[in-house]
Amino acid sequence: MFSTLFKGLSSVTARGSTSIVKKPILDSIRQVQTSTTDPIVQKLRDQLRYYAVAEIAGRPYLITKNDKVIVNRLNDVKVGDVLKLDKVRELGSKDYTLKGAPFVSEGVYDIHATVIEHTKSKMLQIVKKKRRKNYKRTIEHKQTHTVLRISKVDIL
């Protein structure tokens with residue numbers, strides 16, 4: 001009964017017997033071929049300007065050289081620190097694009113960002129209200145941000 005249902009599987013069972021015969025299954029290893037990506041990287045390198053979709057603090061940002069990026073507060077950096085962005089989803093130019101699965105390998109690009117300042121946003125008001133219950137609360141706060149300047153976007 002089981003042999004007809006699972007015809008393509010490597011284990012075989014007979015009705016009434018408890019023995020299972022298993023054949024080894026070969027592991028398939030995903031190999032990345034660098035020879036196919038080299039011409040694509042060379043075409044990108046020949047372009048004048050590049051863009052990248054990089055993850056900063058878990059969120060993707062479309063960046064180019066000399067961009068200012070405002071992200072949620074990064075607590076472990078100080079003003080003037082240089083950050084190396086290592087999670088890049090996509091690199092591209094006007095004519096060509098190199099997409100990662102999920103990220104592009106780090107040997108292809110070199111992206112640096114400099115911390116400019118730690119700021120706060122304008123005053124935000126959060127209003128909570130429940131109708132007919134005489135309940136109304138107003139909370140005000142300023143969200144903290146870190147401003148980054150993308151100083152270097154290069155394709156190696």
Side-chain angles (χ1 to χ4, degrees), residues 2-12 21-129 137-156:
F2 290 111
S3 62
T4 58
L5 292 176
F6 304 108
K7 205 169 205 171
L9 294 180
S10 61
S11 61
V12 178
V21 178
K22 291 188 177 181
K23 296 178 185 176
I25 299 173
L26 298 175
D27 293 333
S28 62
I29 299 173
R30 183 178 158 210
Q31 297 178 352
V32 177
Q33 297 178 353
T34 57
S35 62
T36 59
T37 59
D38 283 339
I40 298 168
V41 171
Q42 184 60 39
K43 288 180 181 179
L44 268 174
R45 204 176 291 132
D46 293 338
Q47 301 294 312
L48 295 175
R49 293 184 54 88
Y50 314 113
Y51 73 88
V53 177
E55 272 195 15
I56 305 170
R59 293 185 181 188
Y61 293 93
L62 183 99
I63 57 174
T64 59
K65 188 176 179 182
N66 294 329
D67 276 355
K68 257 181 161 177
V69 181
I70 300 173
V71 298
N72 286 339
R73 176 68 185 240
L74 302 174
N75 290 325
D76 52 347
V77 296
K78 296 179 183 176
V79 175
D81 287 351
V82 177
L83 306 175
K84 183 174 191 242
L85 304 180
D86 57 351
K87 291 187 177 182
V88 174
R89 293 183 179 183
E90 181 179 327
L91 284 170
S93 65
K94 180 180 176 184
D95 299 326
Y96 301 103
T97 301
L98 180 64
K99 291 187 177 183
F103 301 113
V104 179
S105 66
E106 291 183 34
V108 176
Y109 61 88
D110 190 24
I111 300 175
H112 293 284
T114 306
V115 179
I116 297 175
E117 62 182 339
H118 296 293
T119 62
K120 290 186 177 182
S121 65
K122 62 181 183 178
M123 187 69 75
L124 298 175
Q125 287 187 340
I126 300 168
V127 178
K128 296 181 179 180
K129 182 180 186 299
R137 301 287 184 266
T138 302
I139 302 170
E140 294 180 344
H141 83 287
K142 291 184 177 184
Q143 186 70 36
T144 56
H145 298 289
T146 300
V147 181
L148 302 174
R149 168 79 67 188
I150 307 300
S151 57
K152 184 177 179 183
V153 177
D154 284 335
I155 297 180
L156 303 175

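Keep in mind that this is a model prediction, so the values were computed, not measured.
For the pair Arg89/Val104, no side-chain contact is recorded, criterion being any heavy-atom separation below 4.5 Å from C-beta on. With contacts defined as side-chain heavy-atom distances shorter than 4.5 Å, the pair His118/Val77 qualifies. Between Val115 and Leu148, the closest side-chain pair of non-hydrogen atoms falls below 4.5 Å. When side chains are defined from C-beta on, Leu98 does not count as touching Ile155, because their heavy atoms never get closer than 4.5 Å. The side-chain heavy atoms of Leu91 and Tyr50, taken from C-beta on, include no pair separated by under 4.5 Å. For the pair Asp95/Lys43, no side-chain contact is recorded, criterion being any heavy-atom separation below 4.5 Å from C-beta on. The shortest side-chain heavy-atom distance between Val108 and Leu44 does not fall under the 4.5 Å cut-off.
Surrounding NZ of Lys94 are at most 12 heavy atoms belonging to other residues, nucleotides or ligands under 6.0 Å away. No more than 12 heavy-atom neighbours from other residues, nucleotides or ligands sit within 6.0 angstrom of CD1 on Ile70.
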For this session: Just do the side-chain contact (heavy atoms from CB on, under 4.5 Å) check on His112 and Leu85 with the steps written out, would you?
Result: CA-CA 6 Å; His112 293 284; Leu85 304 180; over 6 Å; no

For this session: Kindly determine whether Ile111 and Ile63 satisfy side-chain contact (heavy atoms from CB on, under 4.5 Å), including the steps that lead there.
Result: CA-CA 10 Å; Ile111 300 175; Ile63 57 174; 4.1 Å; yes

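In summary, the side chains of Gln42 and Asp38 do not present any donor paired with an acceptor at a separation below 3.5 Å, with no hydrogens or angles considered.
Remark: the backbone N or O of Val71 is not paired with any side-chain donor or acceptor of Thr146 at under 3.5 angstrom. Side chain of Arg49 to backbone of Ser93: no donor-acceptor contact under 3.5 angstrom is found. A donor-acceptor contact shorter than 3.5 Å links the side chain of Arg149 to the backbone of Asn66.
Closest non-hydrogen pair, Tyr109 versus Asp86, comes out as OH-O, 2.7 Å. The two residues Gln47 and Tyr96 come nearest to each other via the heavy atoms NE2-CE1, 3.4 Å.
With sequence neighbours left out, Lys152 forms a salt bridge (Lys or Arg N to Asp or Glu O under 4.0 Å) with Asp110.
Note: Arg137 CZ to Lys129 NZ = 12.5 Å, rounded to the nearest 0.5 Å.
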